[in-house]
Amino acid sequence: MNQPIKTSIPKPPSKIKNYVTLLLVLFLLWGSSIQTDSSLAELVAGFPNMMDLLNQMVPPNWGYFDNITDAMLETIRMAVIGTTFGAILAIPIALFSASNLIQNIWVFYPIRFILNLIRTVPDLLLASIFVAIFGLGSLPGILALMVFSIGLIAKLTYESIEAIDPGPLEAMEAVGANKIQLIVFGVIPQVAAHFISYVLYTFEINVRAAAVLGLVGAGGIGLFYNKTLGFLEYDKTSSIIIYTLVAVLAIDYISTKLREKLL
């Protein structure tokens, strides 16, 4: 006679882990607020001042668009030049940073360290340094964006190189291909689309960054941010924000469509 099969209902997973995680997050938030001397009460107390500022920004000064068109175009040009030269210089750096191409740790580790150092320095600080060296104008902004682009594009590209299919490289090495042939025929075809996508993504970031570099004298529309805020002309400031937003949205849309075609 067959014995009835006993079925047991599995116990629901314990929620202790979720509760501990929640308590840890709350503790970190509380500790961070104490260390930064900030509180929700201060935010609530400053809310009326925020509303006063918004009231002064509305309505925007639509006629101010004519004054900032050239500066907006200069901002885009700065982003184009900085991204282009940064992408070109990032190519050899990315190749020397990929551990599957350069097996010598004394080569790719120091280069990666330099890339980490570049990404650590904010673009505004880079612009301030270049302004101190070259003076006011667009050149310091272009150099700051170029250095930033090198750090970001090279980082993303060498990670893509390390993730490529090693099969073609092994086959080419087996028939005696040298390092240059490996890169040209084995690496570039696999990462070209990703590289262009990274360049477009960096360009989007650089347009936003270039819009505020003028605050430290590095050219672009940021000079008008500094000017209008300094004279408390908040209606003109809101016009600059709207103009920058429209330009950034248009560039983001075009860049997104291009990346979709590539990937």
Side-chain angles (χ1 to χ4, degrees), residues 75-123 126-127 141-211 213 247-263:
T75 298
I76 297 174
R77 295 188 197 105
M78 289 168 54
V80 169
I81 297 173
T83 306
T84 301
F85 283 97
I88 293 172
L89 295 175
I91 294 174
I93 297 175
L95 293 174
F96 281 100
S97 301
S99 59
N100 57 339
L101 295 180
I102 307 297
Q103 283 78 27
N104 191 340
I105 62 173
W106 297 104
V107 175
F108 66 82
Y109 271 137
I111 295 177
R112 291 185 183 184
F113 175 79
I114 295 173
L115 289 178
N116 290 330
L117 180 62
I118 290 174
R119 293 195 307 277
T120 301
V121 181
D123 47 9
L126 287 172
I142 292 173
L143 293 175
L145 296 176
M146 183 183 70
V147 173
F148 171 79
S149 299
I150 292 173
L152 181 58
I153 296 175
K155 163 74 173 177
L156 296 174
T157 303
Y158 88 69
E159 289 181 346
S160 295
I161 293 174
E162 291 182 336
I164 63 175
D165 182 8
L169 301 183
E170 295 172 355
M172 293 175 67
E173 287 179 340
V175 296
N178 56 38
K179 189 69 70 175
I180 296 178
Q181 291 172 328
L182 287 177
I183 294 172
V184 173
F185 300 105
V187 175
I188 292 179
Q190 296 191 63
V191 300
H194 294 282
F195 174 77
I196 297 174
S197 177
Y198 299 150
V199 173
L200 293 173
Y201 172 68
T202 305
F203 174 66
E204 297 174 18
I205 298 176
N206 282 343
V207 171
R208 296 182 178 90
L213 291 184
V248 168
L249 289 177
I251 292 172
D252 283 353
Y253 177 79
I254 297 172
S255 179
T256 301
K257 292 301 179 181
L258 291 174
R259 287 202 304 270
E260 289 176 356
K261 296 293 184 182
L262 292 172
L263 301 178

Item to check | Derivation and outcome, side-chain contact (heavy atoms from CB on, under 4.5 Å), residues I93 and Y158 | outcome: CA-CA 8 Å; I93 297 175; Y158 88 69; over 6 Å; no
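- Across all non-hydrogen atoms, the minimal contact from I150 to G86 is CG1-O, 3.5 Å.
- In this structure the side chain of L145 never reaches within 4.5 angstrom of the side chain of F85, judged on heavy atoms.
- Atom CD1 of residue I205 and atom CG of residue D252 lie 10.0 Å apart, to the nearest 0.5 angstrom.
- Using modelled atom types, no side-chain atom of S197 and backbone atom of A193 make a donor-acceptor pair closer than 3.5 Å.
- Considering every non-hydrogen atom in both A127 and A144, the closest pair reads N-CB, 3.6 Å.
- Distance check: F148 CZ to L213 CG gives 10.5 Å after rounding to the nearest 0.5 Å.
- Considering all non-hydrogen atoms of both residues, K155 and L115 come closest at N-CD1, 4.3 Å.
- At distances below 3.5 Å, at least one donor-acceptor pair connects side-chain atoms of E162 with backbone N or O atoms of S99.
- The line from CZ of F185 to CD1 of I180 is 10.5 Å long, rounded to the nearest 0.5 Å.
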Next on the checklist: Go through it in stages, so that I can follow the logic: the residues are I102 and I111, the test is side-chain contact (heavy atoms from CB on, under 4.5 Å), and I'd like the CA-CA distance, side-chain angles, deciding distance and then a yes or no.
Outcome noted: CA-CA 11 Å; I102 307 297; I111 295 177; over 6 Å; no
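- Interatomic distance, OG1 of T157 versus CG of L95, reported as 9.0 Å (0.5 Å rounding).
- The shortest non-hydrogen separation linking V147 to I118 is O-CG2, 3.3 Å.
- Atom CG of residue N116 and atom CZ of residue R119 lie 4.5 Å apart, to the nearest 0.5 angstrom.
- Taking a cutoff of 4.0 Å between a charged side-chain nitrogen and a carboxylate oxygen, D123 and R208 do not qualify as a salt bridge.
- Taking every heavy atom of both residues into account, T202 and S149 meet most closely at CG2-OG, 3.6 Å.
- Residues A87 and F195 approach most closely at O-CZ, 3.7 Å, considering heavy atoms.
- Interatomic distance, T83 OG1 to I142 CD1, rounded to the nearest 0.5 Å: 10.5 Å.
- With contacts defined as side-chain heavy-atom distances shorter than 4.5 Å, the pair L152/Y198 does not qualify.
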